[in-house]
Amino acid sequence: MIDVSVNGKTQRLDVELETPLLWVIRETLGLTGTKFGCGMALCGACTVHLDGAAVRSCVTPVSAARGKRVTTIEGLPSGGRLHPVQDAWIEQDVPQCGYCQSGQVMSAAALLSKQKDPTDADIDAAMSGNICRCGTYQRIRAAIKLAAARMRKGAR
Amino acid sequence: MMPRTVQPSRREFLKTTATLSGGVLLGFRVAGVTDVAAQTAPAAAEFAPNAFIRISKANVVTIVLNKAEMGQGVYTSLPMLIAEELEVDLRRVKVVFAPVDAAYGHPTFGMQFTGGSQSIASEWERLRKAGAAAREMLLAAAADVWKVDRAGLRAENGAVLGPGGRRLTYGQLVDRARTMPVPPDPPLKDPSQFKIIGHPTKRLDSRAKVTGEAIFGLDATVPGMLTAVVARPPVFGGTVKSVNAARARAVPGVKDVVQVPSGVAVIATSFWAAKRGRDALEVVWEEGAGARVDSAAQQAAYAELATKPGLPAKREGDAAAALAGAATRLQAAYQMPYLAHAPMEPLNCLVALGADRCDIWTGTQFQTVDQANAAAAAGLKPEQVRIHTLFLGGGFGRRATPGSDFIVEAVHVARAARAPVKTVWTREDDLRGGYYRPMWHSAIAAGLDAGGAPVAWRHTIVGQSIVDGTPFASDLVKDGVDATSVEGAAELPYAVPNVTVELHSPKGPVPVLWWRSVGHTHTGFVVESFIDELAHAAGKDPYEYRKALLAGHPRHLGVLDLAARKANWGAPLTAGRARGIAVHASFGSWCAQVAEVSAEEQRIKVHRVVCAIDCGRAINPETIRAQMEGGVVFGLSAALYGQITLKNGRVQQSNFHDYPVLRMDAMPEVEVHIVPSTEPPSGIGEPGTPLMAAAVCNALYALTGRRIRSLPLTQHGFESA
């Protein structure tokens, strides 16, 4: 048994403690926005926030979430409004197939929570762990810069 | 990635007899799909003049999408065709995926599929007519309601406007419209009147894809669902000799371990339990001939085969004689490895099997074929099989297999499970599962005259036939030559008077399949690299050399000139950089790309790619840009890193650490220029992919004097980014 706080809601779950957080999120909690892509922290599709920091949930045992706040893509909006990263993604027409985009958005949101004005090198460093087979990287970069600018002006 | 020349006679083989009567699904609640009824027939009170449009009395317009959305943007661009003629606000339209039905088949080929960069080209007429027919019926309905002349009415933004300020929404006209006859040939708008088509239009599915709401095959669930993973042989064609499932069955959550034709399935209450169960499974395999596959040996065998005459794919003049008499002769051998598609969403398929019906939830490009294959595996008739197509997390051709491999396997697992079961592939399963872009070898030679112009061109191609042994062979293989093996080589656009193209189609245990741009993936590299070699041998500029040889090809010239101009071809570049150019036509479109590349200390960096595309009339310029960007990335990724190799029959790659793909830090700046055109719209999903390998290698030659003739680039000591 483990108490896990996901998107602000704490639940007691009857799961084996070594189960990857990814599969607890997807199957035990039914939150399918977080995706499975590789199972080895190589592709980033499973990215969630643990106390605000981006982690790859496919290699994070659920036990690591004890006492911490887990945020998934479903929990990123606040006050009924999308996160500025999500707004920027829509505006820049970023997604193609969309399968990697939850992970991309979570990685980008984590970057912007720490860096207000990321350089291209910062973006490369933060985002190169997220693979996109459809090739949306150029638009992701533009959307991150757009979201950053808005957040510097107060958008939340 | 799909055949373009399947004859209508194939319809008889692949036709489904299902009708559109539908019926409500048996209470399966699919997670996240809030409106299961959307998958069924229209409600009785809706206006549904054809298979593509439904309008409710509440004035909700639903468009039924008969193509799979795998990133290429049809979820937006096809509804644009309907919304334009129907006169509705695109952003208020609801889009649902079509069930499998003859009404949704390709207008020429009959079967329902997504591929071959065909969607817009094949639906351009039909969907506009569908929208126009509905519009005309709504206008006629309003005329009938108001007892006025139809000529005085106009349709605008989901309503009919009449004299004296009269207005009725489409929803209000539903009952009357349903009594109107369907016009067989309704008038279409003149393109000068287009308000939607041709205008950059943002995707309709972006919001769902950035909030986690979009449902992919892997996300679908039904009550009581189990999950399975399958242990498959380590070599192709291997079979099960013995199984020890004791430790697997002991894993908590594992319900059963069963043999299926493709291997041994571990069925459990969750993915993680199934995977742990498979890890604990002990299988002894009978390996067979597949254990002898060795990529190095295979490439050598291909090279040997290429020295012998093959089956003719093209013969013009006498290349052998012209070669013998030429002032200068060049020859080269080009090699390319097997490639995996590696879509971000690993393969998966949820099957709920009953005594007389089968429901399948998955992402697939091949509805009609899958329905027939699933029915055969389930012992049912095709019309008893319903496929609920969801969003695809990438297709690239992998989700279009003539034998419906991952779907048939899932049906077999469901038969054994006697419960709804979702069969899930891991990334390792995906990369090792076969159905690759074939390995290719080209032996190519050309003769130049004293002025450097080519007088002879002889190209011998060696590689497995994709369609051999499938129902597509009878249409695509002529006189032993698989059209998909030689496309892009047999129809050489350059003015060479003597051309011979020949093909060898060796067989082997490794299953092969179409991979984004199919034969063009190898012919684009070979032809555009070799013509570059000729240009340099002739002492000519590669752009000018091509230009001079494309005199009769205005659309090749159009993109070539545009790309060169926008890339400032010929202007000085930053030190340490060079440009490479390529032009190639495929899937009804023309594309040219210029790559700007540096390679300091063997670190290749592609800085910029200028892409020119002529795809006829642009339906959604945003989609075209995105597909060109995506095609560039797909082709560049393969050129830099892509290889699937086998040793002792085993695939040596397993995940993204040893099958690297392009990431953010290696992404070039891509500029896309669309040639304005009023020609009928043609393909964009694939035409951007074949050129990157040649453009980059041509740039590398200009930079270093080193000609690369085999891919990937990383095997030559280059690193990337």
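All of these numbers come straight from a predicted model, not from anything done at the bench. Chain identifiers are assigned alphabetically (A, B, ...) following the order of the sequence lines, protein sequences preceding nucleic acid strands; residue numbering begins at 1 within each chain.
- Contact annotation: the side chain of B/Phe216 never approaches that of B/Trp361 to less than 4.5 Å [non-hydrogen atoms, C-beta and beyond].
- The parts of B/Leu218 that come within reach of chain A are both its backbone and its side chain, each placing non-hydrogen atoms under 4.5 angstrom from that chain.
- For B/Ala342, the parts lying near chain A are the backbone and the side chain together; criterion is any non-hydrogen pair under 4.5 Å.
- Looking at B/Ser637, only its side chain comes within 4.5 Å of chain A, counting heavy atoms on both sides.
- Contact tally against chain A (heavy-atom pairs below 4.5 Å) for B/Leu392, B/Leu636, B/Leu431, B/Val424: the top residue is B/Leu392.
- The number of heavy atoms from other shown groups lying within 6.0 Å of NZ (A/Lys68) does not exceed 12.
- For chain A, no part of B/Ser654 is nearby; none of its heavy atoms comes within less than 4.5 Å.
- Judged purely by distance below 3.5 Å, without hydrogens or angles, the side chains of B/Arg603 and B/Ser720 never pair a donor atom with an acceptor atom.
- Contacts between B/Arg276 and chain A at a heavy-atom distance below 4.5 Å involve the side chain alone, from C-beta outward.
- In this structure, chain A has a heavy atom under 4.5 Å from the backbone of B/Ala214, while its side chain stays farther away.
- For chain B, the nearby part of A/Leu82 is the side chain; its heavy atoms alone come within less than 4.5 Å.
- Only the side chain of A/Arg139 comes within contact range of chain B, with heavy atoms under 4.5 Å apart.
- If you tally non-hydrogen atom pairs under 4.5 Å between each of A/Gly33, A/Gly98, A/Ser128 and chain B, the highest count goes to A/Ser128.
- Residue B/Met667 touches chain A through its side chain alone, counting heavy-atom pairs closer than 4.5 Å.
- Interface remark: B/Gln72 contributes no atoms to any contact with chain A (heavy atom separation under 4.5 Å).
- Two residues are said to be in side-chain contact when any heavy atoms from C-beta on lie closer than 4.5 Å; B/Pro420 and B/Leu226 fail this criterion.
- A donor atom on one side chain and an acceptor atom on the other are not found under 3.5 Å apart for A/Asn7 and A/Glu74.
- Using a 4.5 Å heavy-atom cutoff, the side chains of B/Glu69 and B/Thr389 are not in contact.
- Highest contact tally toward chain A, considering only B/Gly394, B/Ala273, B/Ala626, is held by B/Ala626 [criterion: heavy-atom pairs under 4.5 Å].
- Neither the backbone nor the side chain of B/Thr623 comes within contact range of chain A; no heavy atoms are under 4.5 Å apart.
- Interface summary for chain A: among B/Gly630, B/Pro252, B/Gly631, the most heavy-atom pairs under 4.5 angstrom belong to B/Gly630.
- Listed options A/Pro20, A/Ala125, A/Cys134 were ranked by heavy-atom pairs under 4.5 angstrom with chain B; first place goes to A/Pro20.
- A/Gln96 and B/Gln627 are linked by a side-chain donor-acceptor pair at a separation below 3.5 angstrom, with hydrogens and angles left out of the test.
- Cation-pi geometry between B/Arg516 and B/Phe396 is not met: the NZ or CZ atom fails to fall both under 6.0 Å from the ring centre and inside 45° of the normal.
- Within the 4.5 angstrom heavy-atom criterion, no atom of B/Phe391 approaches chain A.
- Looking at B/Val633, only its side chain comes within 4.5 Å of chain A, counting heavy atoms on both sides.
- Between the side chains of A/Thr136 and A/Gln101, a donor-acceptor pair is found at a separation under 3.5 Å.
- Here the side chains of B/Lys202 and B/Arg91 are in contact, with some heavy-atom distance below 4.5 Å.
- The side-chain heavy atoms of A/Ile131 and A/Tyr137, taken from C-beta on, include a pair separated by under 4.5 Å.
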